[in-house]
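Here is the structure we will look at, set down as structure tokens.
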Amino acid sequence: MITLPQIQAMKGQRKISMITCYDSWSARIVNNGPIDMILVGDSAAMVMHGHDSTIPATIDMMVLHTSAVRRGAGDKFIVSDMPFLSYRKGLTHAVEAAGKLMQAGANAIKLEGVEGHEEIVKHLVQSGIPVMGHLGLTPQSVHQLGGNKVQGQNNGQARQIRSDALKLQELGCFSLVLECVPAELGKAISAELTIPTIGIGAGVDTDGQVLVMQDMLGMSSEFKPRFLRQFLDGEKILGEAFAQYDSEVKACTFPAEKESYR
Ligand code: KIV
């Protein structure tokens, strides 16, 4: 098992890999491979439930996905997302929400932004809950940001993201996701911080990378942002398998003799 201190010690030594997972069977495949960490992202609301943003994710949804992933993931390090508003309704509510994710099998939680929930981050860390920050494009604020746009492209925004990153480190976050920021900013923040940065659309110089599993498997030919590399043409390959199954059923070539009981 890779532990939190080991993840932190990877900074400057080697890159850290992370992938999202929402279910048990894909977690089992990831667990059998070399990827360092799993993120049970609130992107589950979009990828698994068909919503058009992460806002409909709830704590019950995240607990369900986290426990399913834990059952497949062995002792892989799992980070689970605190969903929309679950850390903005006061300390007690935030602690209860984080506690549910940890009891469902997470090793750490992730939350977006910092302003207004500094005390919550500090309290969770002091309670023994490892916290990963998330800056740049923060999808739970999609309406305020006016869409899923690259952040930190002007000096003022870049300065703000840099100072928020330092603040999260001071508050005790063990790591930080940087989403959709210019590569130069990803590099500068990664050099400035002592905790590892995990980038998604933040260039090659962050300390690690994270991708949404279904995106990197090419499960949607329509979703092709600049930062995404599709490592498989999943939509085509799965589509072909489904069509093959359908045609074999209709041609009575499935099941064959060897696939039938006597
Ligand atoms: O929910 C998610 O999948 C995420 C990643 C995009 C980092 O937060």
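Since we're looking at a predicted model, the values are computed, not measured. FYI, the numbering just counts along the sequence from 1. Side-chain atoms are counted along with the backbone in the values below, which use heavy atoms only and exclude waters and symmetry mates. Atoms within a ligand are numbered from 1 in the order they appear, just like the ligands themselves.
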### Message
Test your reading of the model: is there a side-chain donor-acceptor pair from Gln8 to the backbone of Thr194, 3.5 Å cut-off?
### Response
no
### Task
Find out whether Leu176 and Leu178 are in side-chain contact, i.e. whether some heavy atom of one side chain is under 4.5 Å from a heavy atom of the other.
yes
### Task
State, without any angle test, whether Glu248 and Gln244 hold a side-chain donor-acceptor pair at a distance under 3.5 Å.
yes
### Message
For His49 and His65, which I'm curious about, is there any donor-acceptor pair between the side chains at under 3.5 Å?
### Response
yes
### Task
For Asp36 and Arg14, run salt bridge (charged side-chain N to carboxylate O under 4.0 Å, His left out): C-alpha distance rounded to whole Å, both residues' side-chain angles, the deciding distance at 0.1 Å, then the answer.
CA-CA 11 Å; Asp36 297 311; Arg14 74 154 170 86; 2.9 Å; yes
### Query
Phe227: what forms a side chain to side chain contact (heavy atoms under 4.5 Å, CB included) with it, not counting sequence neighbours?
Cys180, Ile200, Leu211, Pro225
When you pair each N or O of ligand 1 with protein N or O atoms, which pairs come out under 3.5 Å?
residue, atom, partner, partner atom, Å
ligand 1, 1 (O), Asp42, N, 3.2
ligand 1, 1 (O), Asp42, OD1, 3.0
ligand 1, 1 (O), Ser43, N, 3.1
ligand 1, 1 (O), Ser43, OG, 3.2
ligand 1, 1 (O), Asp81, OD2, 3.1
ligand 1, 3 (O), Ser43, OG, 2.5
ligand 1, 8 (O), Lys110, NZ, 2.8

